[in-house]
Amino acid sequence: MKKLTTIITISLLSISLFAESKAADVIKEASKKSKVTQSVEYLNTEIKNASSSEDKRALYIFLGSLYEQLGQFDDARAAYVNAAGIKGGTAEGTVKRTNEELVLSAVRCALNCGDAATAESYLNSTVRNSKDEKILSHVKLYAQWAALIKAQNDSDLEEPIAVLKAYAGVKSMQTVQPAIMLTLWHITGEKSYGDELIKKYPSSLEAGIVKGDVQMMSTPFWLFVPKKMIAEVGTGSVTVAKVESSGAKSEVNNSKNNLGKLHLGLFKTESNASRLVEELKKKGFDAYKTSETRSSGTTYFIVLVTETDSTTAEKLRSAGYECYRAE
């Protein structure tokens, strides 16, 4: 079995696809499309024709989930905000989502955009006074994630790390304990947090990331946060299948014309980029860093690996690194 790939996000509820109402019928039809982009286009048209506020709300919720699948987090955020702004109940045939849950979904998407200011503005709404312990635990966790995004150096990490350590083991934060431990392991590089996560929550996706069975996607939230040390990922307990390729396909893939650069990370702190480069070089990859200054004036340090042959990307993923072909 190949390693699984995941984006480290907290979903509160999933969308139901069974159909009885107008919204459920549209959702069912959208799910039949061969491509997610086609489903999105179809939903955007059908939302305009929704017969009731309940149907429109349900369609925005499903649209948000599709945008998340595509990694279009700002579009997903807008869809969840639109849904939360519609007065109406739950459309027949769809799963109930409260406005508090929708606000948290919008916060999650803002965080994945690296937009701490927007995330904090949503967290400072009425959701902060929720009576639901599960909602409040996510509010507290997301507030610390927003603080981590804003961190520019190691000293900026001290307060959110201290708060997360205080949250670890607190009964009222039970719902998000795996996420707290994963964050501490990822940011501090301390093995003890990973060990505790595997021991207490062995079947969680977060434990899978530490063990090396599940791969964490390179979303802005994780990339933009400075880290004290690189967390050591396990070798995995899932067997990685060998990829067999036909002679004709191999011939094309091995062509030098198809080789290029693979993008592994984007960092605000140069030392973190340098650590990753050193780690990759020790594992035999031709890694290096470059920099890019955005229109905002912020300089990011980009970690790249030169493809030495057609198997470089597969080797990186097998070693626990997500990568994308650089443009």
Side-chain angles (χ1 to χ4, degrees), residues 3-4 6-10 111-112 114 116 137-138 140-238 264-283 287 289 301 303 319-322:
K3 289 185 180 180
L4 303 176
T6 190
I7 295 177
I8 191 72
T9 57
I10 309 295
L111 291 171
N112 277 319
S137 66
H138 281 85
K140 293 175 181 177
L141 172 65
Y142 289 171
Q144 297 314 308
W145 280 2
L148 288 172
I149 288 175
K150 293 190 296 183
Q152 296 292 320
N153 48 53
D154 282 359
S155 63
D156 293 338
L157 294 175
E158 292 179 4
E159 184 174 339
I161 287 176
V163 174
L164 288 170
K165 285 181 177 180
Y167 286 159
V170 174
K171 186 176 180 181
S172 63
M173 299 291 285
Q174 186 68 30
T175 303
V176 294
Q177 282 301 316
I180 290 172
M181 292 180 189
L182 178 71
T183 304
L184 289 169
W185 167 81
H186 180 71
I187 300 300
T188 67
E190 293 180 23
K191 187 174 181 293
S192 59
Y193 293 115
D195 292 342
E196 186 177 6
L197 174 56
I198 292 171
K199 180 180 178 180
K200 291 186 176 180
Y201 305 95
S203 300
S204 66
L205 285 174
E206 291 85 354
I209 291 170
V210 175
K211 289 185 287 186
D213 293 339
V214 177
Q215 199 162 351
M216 184 160 56
M217 291 288 284
S218 301
T219 58
F221 166 68
W222 296 108
L223 289 177
F224 290 171
V225 178
K227 295 184 288 184
K228 288 183 175 294
M229 290 178 60
I230 299 295
E232 185 70 28
V233 180
T235 55
S237 56
V238 178
L264 277 88
L266 185 72
F267 299 87
K268 280 186 177 179
T269 306
E270 186 174 12
S271 60
N272 289 331
S274 297
R275 286 192 195 113
L276 180 55
V277 168
E278 290 171 10
E279 180 181 326
L280 289 163
K281 284 183 175 180
K282 288 178 181 178
K283 295 184 179 181
K289 70 175 184 290
F301 298 92
V303 175
Y321 303 98
E322 186 54 60

d(Leu111 CG, Tyr142 OH) to nearest 0.5 Å is 7.5 Å
Any chance you could measure His186, atom NE2, to Glu206, atom CD, to the nearest 0.5 Å?
13.0 Å
Are any non-hydrogen side-chain atoms of Tyr193 and Leu197 less than 4.5 angstrom apart?
no
CD1 of Ile180 to OG1 of Thr175: how many Å apart, nearest 0.5 Å?
9.5 Å
Side-chain (Lys211) to main-chain (Pro202) donor-acceptor, under 3.5 angstrom
yes
Lys191, NZ atom: more than 12 neighbouring heavy atoms under 6.0 Å:
no
Tell me, with the steps shown, if Ser137 and Gln174 meet side chain to side chain contact (heavy atoms under 4.5 Å, CB included).
CA-CA 8 Å; Ser137 66; Gln174 186 68 30; over 6 Å; no
Decide side chain to side chain contact (heavy atoms under 4.5 Å, CB included) for Lys150 and Asp156; before the verdict, give the C-alpha distance in whole Å, the side-chain angles of both, and the deciding distance to 0.1 Å.
CA-CA 8 Å; Lys150 293 190 296 183; Asp156 293 338; over 6 Å; no
I need the minimum non-hydrogen distance between Ala116 and Ile149, along with the two atoms involved.
CB-CG2, 4.0 Å
Nearest heavy-atom contact between Glu190 and Trp185 is O-CD1, 3.7 Å
What one should report as the nearest heavy-atom pair of Leu141 and Ala179 is CD2-CB, 3.8 Å
After noting the C-alpha distance and the side-chain angles of Ile187 and Leu164, does the key distance pass the side chain to side chain contact (heavy atoms under 4.5 Å, CB included) rule?
CA-CA 11 Å; Ile187 300 300; Leu164 288 170; over 6 Å; no
What one should report as the nearest heavy-atom pair of Gly194 and Val210 is CA-CG1, 3.8 Å
If I compare all heavy atoms of Tyr201 with all of Ala207, which pair ends up nearest, and what's the gap?
O-CB, 3.1 Å
Out of curiosity, Gln144 CD to Lys165 NZ, how far, rounded to the nearest 0.5 Å?
13.5 Å
Using 0.5 Å steps for rounding, measure from the CD1 atom of Ile161 to the OG1 atom of Thr183.
10.0 Å
At their closest point, which heavy atom of Val170 faces which heavy atom of Gln177, and how far apart are they?
O-NE2, 3.5 Å
How long is the span from the CZ atom in Phe301 to the CD atom in Glu270, to the nearest 0.5 Å?
4.0 Å
Salt bridge or not for Lys199 and Asp195, using N-O below 4.0 Å?
no
Take Lys140 and Met173 through the side chain to side chain contact (heavy atoms under 4.5 Å, CB included) test and state the conclusion after the steps.
CA-CA 9 Å; Lys140 293 175 181 177; Met173 299 291 285; 3.8 Å; yes
Can you check whether Ile209 reaches Leu205 side chain to side chain, under 4.5 Å on heavy atoms?
no
